[in-house]
Protein chains: 2
Amino acid sequence: MKTNGMPAAREKSSTPASESPDPPKRRAQRPRSGTYTVHDVAALAGVSSVTVSRYFNAPHKVSDVLRDRLAGIIAETGYVPNQVARILATAQGGVVGAVMQNVTSPTFADMVRGMMDVAEENALQLLLANSHFSLESETRALRTFAGWHPRAMILTRNDHAPDTEALLARLRIPIVEAWEVMTERPFHQVGFSQTEVGISQALHFIAQGAQRIRFALNGATEDGRAARRAEGYAGAMRDAGLKPDIWRANAKDDIAAARELLADIAALPLRRRPQAVIFGNDNMAIATMLSAPAHGLHVPDSLAVAGFGDMPLGLVTTPALTTVRPDPYAIGAQSMAIVVAALGDGEGKQSPQRREIPCELVVRDSSRISRA
Amino acid sequence: MKTNGMPAAREKSSTPASESPDPPKRRAQRPRSGTYTVHDVAALAGVSSVTVSRYFNAPHKVSDVLRDRLAGIIAETGYVPNQVARILATAQGGVVGAVMQNVTSPTFADMVRGMMDVAEENALQLLLANSHFSLESETRALRTFAGWHPRAMILTRNDHAPDTEALLARLRIPIVEAWEVMTERPFHQVGFSQTEVGISQALHFIAQGAQRIRFALNGATEDGRAARRAEGYAGAMRDAGLKPDIWRANAKDDIAAARELLADIAALPLRRRPQAVIFGNDNMAIATMLSAPAHGLHVPDSLAVAGFGDMPLGLVTTPALTTVRPDPYAIGAQSMAIVVAALGDGEGKQSPQRREIPCELVVRDSSRISRA
DNA sequence: TTGTAGGCGTTATCAG
DNA sequence: CTGATAACGCCTACAA
């Protein structure tokens with residue numbers, strides 16, 4: 001029973017223990033990883049290293065006796081094949097890079113989970129970077145990833161810095177742009193159309209006969225997605241013969257932005273106050289609902305409200321919050337699934353796929369327009 | 001000007017273009033990564049590959065002329081050194097593995113951001129896994145990471161499966177256990193003491209003269225951290241001569257758990273109702289506050305409330321929520337900082353460090369005990 | 001079923 | 001300052 005934790009200094013297995021008769025110019029030892037290798041395990045089992053390799057990659061090609069013996073030794077030594085060497089040797093399996101905009105947001109986090117789950121099932125290692133909605137940061141992250149020679153990349157926006165586009169093209173690997181589905185892109189697309197979500201939000205209020213409908217954004221302009229929903233809303237308004245009213249707070253913070261909005265509305269003459277507000281996110285919508293009474297406003301009677309994101313707390317507010325439920329987990333999982341499929345397909349440059357992950361408009365009481 | 005994007009099929013640079021005079025048993029080509037390599041760049045520059053390597057790792061050892069020429073070729077080809085090969089050769093690439101319990105939670109997500117930021121500054125690549133609070137899943141993740149021969153690991157719990165402990169010991173790399181600081185652990189510790197947080201929450205109410213103080217948990221038992229706060233609370237209660245009242249919902253979901261709690265309290269005779277409830281998290285606390293009126297309860301007069309986590313929405317509720325503000329970003333950043341320090345210190349087995357990231361009790365109106 | 005040879009892309013080492 | 005050579009740990013191809 002070998003109890004020593006470290007692999008013994010390995011001899012070239014073919015070299016018998018001849019006592020250094022004219023040492024054949026042995027180079028100085030290179031730094032080794034300090035853990036067991038295939039060779040160590042093979043030596044312990046009295047077989048060749050290929051056999052150990054086969055034990056992992058094609059167990060059925062190893063005899064039963066040997067398999068058991070190897071299993072024992074592997075358990076005893078705690079040997080784990082070195083992925084780095086494996087990837088170098090096979091140019092297979094390996095690494096997928098993903099650039100998120102903001103790992104902190106629960107929505108992105110769900111997407112990360114989706115990617116991780118599918119990646120794990122397929123023995124891919126997910127490399128994650130955070131770009132904070134900055135193009136420059138995205139480029140930097142991609143540059144780092146490039147060094148890992150990833151099998152694929154997943155991005156979370158479809159507008160990049162010019163040199164990023166060039167870099168992506170040079171990589172010659174499957175690229176997935178997730179979250180927003182746009183036309184005329186050379187890469188795989190997974191997600192939904194922000195514009196259409198904005199349209200459906202607007203239509204929800206227009207159908208109820210509302211005239212003055214506002215779209216309220218916080219001051220964080222880096223994230224253009226809410227703004228694109230606002231564009232969809234604006235289009236729908238114009239189509240209905242109504243005047244779009246896109247309002248943006250100064251504060252980036254949702255809570256402060258909500259306060260700004262309420263102050264703004266309260267200052268308006270009754271006639272000109274919006275009957276309904278569509279918010280860029282649930283947080284801002286909920287904050288507005290909770291603070292509305294203090295400004296003499298009542299949801300939904302004097303102010304109907306809709307959010308985006310389907311936060312759990314939206315169920316508990318009075319009234320419950322009408323919102324849009326995206327499916328970030330599915331977006332992440334599908335993105336990775338596309339990667340897996342693309343890698344499986346012999347890397348054949350299949351034309352970019354487009355996978356829609358629809359959003360659901362969840363209608364609750366906060367958006368009821370009073371028939372006044 | 002070379003415009004072709006692909007590196008030409010490479011000849012053994014020493015082999016002149018002799019037209020295959022008895023091909024020396026050329027083995028079938030192995031799959032290659034399909035991108036430029038040091039050799040390609042070297043060939044293009046008319047130098048040896050070592051020189052190109054030096055250009056990256058010891059630029060001052062390369063003549064000025066050559067440096068400029070190489071810079072040009074590298075820019076033109078978009079060559080990026082292969083990290084995988086680099087790590088294999090040097091046995092000291094910068095991979096750090098981190099096992100989170102739940103990437104989806106905003107708190108963990110903040111910690112991830114902290115780790116990523118510090119990792120990036122120090123040219124370390126973060127490998128992330130999600131264990132869903134499961135020990136078995138943690139072990140699996142660590143096993144995967146082990147294959148990457150990471151320089152360090154960051155974990156987010158201090159109780160592991162037995163074989164995990166063995167695996168960790170065998171790795172002989174710095175290990176950081178983050179979130180909760182415990183004594184008697186052989187690894188670095190970063191975070192705070194859940195027990196002490198529980199104590200301070202209890203004392204906050206005890207000091208106000210409350211007698212019946214409950215600690216309410218949701219049904220998600222996998223995460224033991226809230227339970228450990230409850231233990232701290234229980235100790236403080238007993239020390240004050242009061243009877244601890246730890247209540248656990250059946251529902252794992254915070255919103256449902258809040259409903260359960262309110263039903264439970266409403267069913268109690270007035271005399272026996274808790275005056276104050278400490279919640280396992282803010283979500284549950286806020287849900288309770290929002291639903292309390294429907295159950296004939298009023299916060300804080302008939303029920304004082306405190307949460308944990310400092311969610312932004314806690315500021316907007318009426319009354320504003322008393323809570324505890326941890327600093328997950330700092331925990332992540334400090335954990336990675338310890339890793340960086342440990343790697344810098346020649347890997348010398350320094351004794352495990354212990355870094356406290358204090359939590360702040362944020363007192364607002366929801367926890368005011370009415371002087372009845 | 002098992003073993004031998006050689007290479008994946010990089011860098012450490014030694015020689016010029 | 002530059003180059004030849006041999007590893008790092010693994011896997012594929014081929015031979016036995």
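Below, all heavy atoms of this structure are taken into account, side chains as well, without hydrogens, waters or symmetry copies. A, B, ... follow the sequence lines: proteins, then strands. Residue 1 opens every chain.
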Query - Residue A:S63, side-chain heavy atoms: nucleotide from C:dT10, C:dT2, C:dG3 that is nearest - result: C:dT2
Report task. Name the closest nucleotide to the A:A85 side chain, picking from D:dC10, D:dA13, C:dT10. Result -> D:dC10
Query raised in the report: Start at the 5' end of DNA chain D and walk down; is the nucleotide closest to A:R86 or to B:S49 reached first?
Result: B:S49
Query raised in the report: Any Lys/Arg nitrogen of A:E177 or A:R185 sitting under 4.0 Å from an Asp/Glu carboxylate oxygen of the other?
Result: yes
Report task. Please check if the side chain of B:T139 supplies one atom and the backbone of B:L135 the other of a donor-acceptor pair under 3.5 Å. Result -> yes
Query raised in the report: Reckon A:V84 touches a base, only the sugar-phosphate, or nothing at all at heavy-atom distances under 4.0 Å?
Result: nothing
Requested in this report: Answer yes or no: does a side-chain N or O of A:N57 lie under 4.0 Å from OP1 or OP2 of D:dC11?
Outcome: yes
Query raised in the report: Out of D:dC10, C:dT2, C:dT10, which has the shortest distance to the side chain of A:R54?
Result: C:dT2
Query raised in the report: So, does B:N122 use its side chain to make a donor-acceptor pair with the main chain of B:V340 at under 3.5 Å?
Result: no
Query raised in the report: Are A:L126 and A:M336 close enough that some pair of their side-chain heavy atoms sits under 4.5 Å apart?
Result: yes
**Report entry** Residue that, paired with B:S131, satisfies side-chain hydrogen bond (donor to acceptor under 3.5 Å, both in side chains) out of B:Q101, B:E136, B:R140
**Finding:** B:Q101
Query raised in the report: According to a strict under-4.0 Å criterion, is B:Y79 in side-chain N/O contact with OP1 or OP2 of C:dT10?
Result: yes
Report summary line: Taken to the nearest whole Å, CG/B:L88 to C1'/C:dT11 is 10 Å
Query raised in the report: Roughly, in whole Å, what's the span from OH in B:Y55 to C1' in D:dT2?
Result: 17 Å
Query - From C:dT10, C:dT4, C:dT11, nucleotide with atom closest to A:S48 side chain - result: C:dT4
Report task. Would you kindly give the NE2-to-P distance between A:H39 and C:dT4, to the nearest whole Å? Result -> 11 Å
Query raised in the report: B:V47 near the nucleic acid: base, sugar-phosphate alone, or nothing, with a heavy-atom cut-off under 4.0 Å?
Result: sugar-phosphate
Report task. Can you tell me the distance, in whole Å, between the CZ atom of A:F56 and the P atom of D:dC10? Result -> 9 Å
Requested in this report: Could you work out which one of C:dT13, D:dT12, D:dG9 sits closest to the side chain of A:S53?
Outcome: D:dT12
Query raised in the report: For the pair made of CG in B:L70 and P in D:dC1, what is the distance, rounded to whole Å?
Result: 14 Å
Query raised in the report: Over how many whole Å does the gap from A:R67 atom CZ to C:dT1 atom P extend?
Result: 9 Å
Query - Integer-rounded Å distance: D:dC10 C1' and A:I74 CD1 - result: 14 Å
Report summary line: In whole angstroms, the gap separating C1' of D:dC8 from NE2 of B:H149 amounts to 11 Å
Query raised in the report: What's the closest nucleotide to the B:V50 side chain, out of C:dT11, C:dG9, C:dA12?
Result: C:dA12
Query raised in the report: Is the A:Y79 to A:F56 ring centre distance short of 6.0 Å?
Result: yes
**Report entry** Selection from D:dG3, C:dC8, D:dC10 that lies nearest to any side-chain heavy atom of A:T37
**Finding:** D:dC10
Report task. Select base, sugar-phosphate, or nothing to describe what B:I87 touches, counting heavy atoms under 4.0 Å on all strands. Result -> nothing
Report task. Choose from D:dT12, D:dT2, C:dG3 the nucleotide whose nearest atom is closest to any side-chain atom of A:T51. Result -> C:dG3
Query - 5' precedence on DNA chain D between B:K61 and A:P81 (nearest-nucleotide basis) - result: B:K61
